[in-house]
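Here is the structure we will look at.
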2 protein chains.
Amino acid sequence: MERELLLLGLLRQGEMHGYQLHDFIERNLAFCTDLKKPTAYALLERMAARGWVTVQEVREGHRPPRRVYRLTSEGEAVFQRLLRDNLARFEAAKTGSDVGLAFVDALPRAEALRLLEQRRAALTEQLAAFQSAPTHAGSYQLLIDHQLHYLRSELAWLDDVLARMRAGRLRLVSPRSTPKPKSKEASP
Amino acid sequence: MERELLLLGLLRQGEMHGYQLHDFIERNLAFCTDLKKPTAYALLERMAARGWVTVQEVREGHRPPRRVYRLTSEGEAVFQRLLRDNLARFEAAKTGSDVGLAFVDALPRAEALRLLEQRRAALTEQLAAFQSAPTHAGSYQLLIDHQLHYLRSELAWLDDVLARMRAGRLRLVSPRSTPKPKSKEASP
DNA sequence: TTTTCCATGTAACTCGTTACATGATTTC
DNA sequence: GAAATCATGTAACGAGTTACATGGAAAA
């Protein structure tokens, strides 16, 4: 429901058509949601079918008419509900890209270091992009602050891992015990 | 490809059947991947079809025979490739649940505070769960360390936001200017 | 004795993406 | 004159989930 929360929230500030909404999201919110064009259009149509928004076709020249969406009071109610729900809940992000770390010990230390330094470079690059972005007004800035905070935290952690690996202080299970884990135990 | 990386990595330590693999992931890795049973089975079959693993049916009693998977050398090669790729890359996690924060200014300050405190409670609960978990050997511990680091960082950030909101130091766009943003501009 | 666990799977479905189609219009 | 932008959409596909089915074994 985050996607509809987002769309409703944007429509709250004024009527917009699909292209506009998608474009705005892609330009400014790509780092927290990613919503493709067909998905956006379909979502908007569904919201219209549910009465959360109204549609008005505005034709201008010979291009496909803009379908301009406007929030209804029902839509506003839904927005309020979704917003409260969203704010009260915490969902830890599942990176998924973490999985590899569980297996670093499969590589020679030197190579693992080299690869993680590549990772670090990618991270600092993203961080730099956010740091150079202009400050915005409104609570949208909160999102950017959060992302900055998150990226810095990731960098700090990665640096810590790198330092520990360089110092050889990372206890890995290595010596290839091949324990034939047919039993019901844990810890790989 | 993270899912296959994970499965291959686990199979690297020894042969296992589907139920075992799924069970292990669900118990120990739920916080970073979530992989349902039918998905796991299907993935394993596909990996077998591609020659990354071999299957051997082991029947025992009158239950459905275990399908025991074993890594092939080709599978090992794929594992190595996926692992290097994974370690070198950094993908910022998209929480999605952040979206709501862009709209906090739609609620009265007091209520926003109340809701974010609920969020904080949920977060500390998850944190507590991880802090009380036993220490593991091997690089699996890295994942847990990372998660702890991440959750603490989120908590710190949330506390900062709460503090700023309480002090009224959070500049929100509030006063309902209703700017009718029909033009091509940004920043809601 | 009833529930939970073991161990597999299928079928239907939802969600979202990719690739494609259209055609005027503005920009280089 | 070519390329990007505006503005909509459809169709096919893929990945993953849910709900269901089976049936013995162990545990409560």
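Sequence lines set the chain letters: A, B, ... in the order given, protein chains first and strands last, and positions in each chain run from 1.
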Next item on the list: Quick one: which residue pairs count as a side-chain hydrogen bond (donor to acceptor under 3.5 Å, both in side chains) with a foot in residues 54-65 of chain A, not counting sequence neighbours?
Entry: A/E57-A/R67
Margin query: Between B/E45 and B/Y69, is the side chain to side chain donor-acceptor pair (under 3.5 Å) condition met? List the steps.
Written below: CA-CA 9 Å; B/E45 275 315 294; B/Y69 297 93; 2.5 Å; yes
Item checked: Sidechain N-carboxylate O distance under 4.0 Å for B/D160, B/R164 -> yes
Notebook entry, point to check: Below 4.0 angstrom, N of the basic side chain to O of the carboxylate: do A/E154 and A/R120 qualify?
Noted result: no
Next item on the list: Under the salt bridge (charged side-chain N to carboxylate O under 4.0 Å, His left out) rule, collect the residues that match up with B/R114, sequence neighbours excluded.
Entry: B/E111
Next item on the list: Report the distance from atom CD of B/E26 to atom P of C/dC5, rounded to the nearest whole Å.
Entry: 11 Å
Notebook entry, point to check: Closest nucleotide of DNA chain C for A/R46 versus for B/R67: which of these residues is on the 5' side?
Noted result: B/R67
Note to self: Could you tell me how far apart B/Q20 (CD) and C/dC6 (P) are, to the nearest whole angstrom?
What the structure shows: 10 Å
Note to self: So, using side chain to side chain donor-acceptor pair (under 3.5 Å) as the criterion, who are the partners of A/Q131 when residues are at least two apart?
What the structure shows: none
Item checked: Between C/dA7 (P) and B/Q56 (CD): distance, integer Å -> 15 Å
Is there any protein nitrogen or oxygen under 3.5 Å from a nitrogen or oxygen in nucleotides 21-28 of chain D, and what are the pairs?
residue: D/dA25; atom: O4'; partner: B/R63; partner atom: NH2; Å: 3.3

Checklist line | Pairwise ring-ring contact (aromatic ring centres under 6.0 Å, His included) hits with a residue in residues 1-23 of chain A, at least two apart | finding: none
Next item on the list: Among the candidates C/dT8, C/dC15, D/dT8, find the nucleotide nearest to the side-chain atoms of B/R66.
Entry: C/dT8
Check: Within less than 4.0 Å of OP1 or OP2 of D/dT8, is there a side-chain N or O belonging to A/Y19?
Finding: no
Check: Rounded to whole angstroms, how far apart are CD on A/E4 and C1' on C/dC15?
Finding: 11 Å
Check: Under 4.0 Å: is that the gap between some side-chain N or O of A/Y41 and OP1 or OP2 of D/dT8?
Finding: yes
Under 3.5 Å between N/O atoms: give me all the protein pairs with nucleotides 17-19 of chain C, atom names plus distance.
residue: C/dT17; atom: OP1; partner: A/D34; partner atom: OD1; Å: 3.1
residue: C/dT17; atom: OP2; partner: A/T39; partner atom: OG1; Å: 2.6

Item checked: Electrostatic pair A/R46:A/E4 at N-O distance under 4.0 angstrom -> yes
Next item on the list: Measure from NE2 on B/H22 to C1' on D/dT18 and round the result to the nearest Å.
Entry: 13 Å
Notebook entry, point to check: Over how many whole Å does the gap from A/K94 atom NZ to D/dG16 atom P extend?
Noted result: 14 Å
Next item on the list: Figure out the CD/C1' separation between A/E45 and D/dT10, and round it to whole Å.
Entry: 13 Å
Check: D/dT5 P sits how many Å from A/F24 CZ, rounded?
Finding: 18 Å
Note to self: A side-chain contact here means heavy atoms from C-beta on lying under 4.5 Å apart; do B/L143 and B/F31 qualify?
What the structure shows: yes
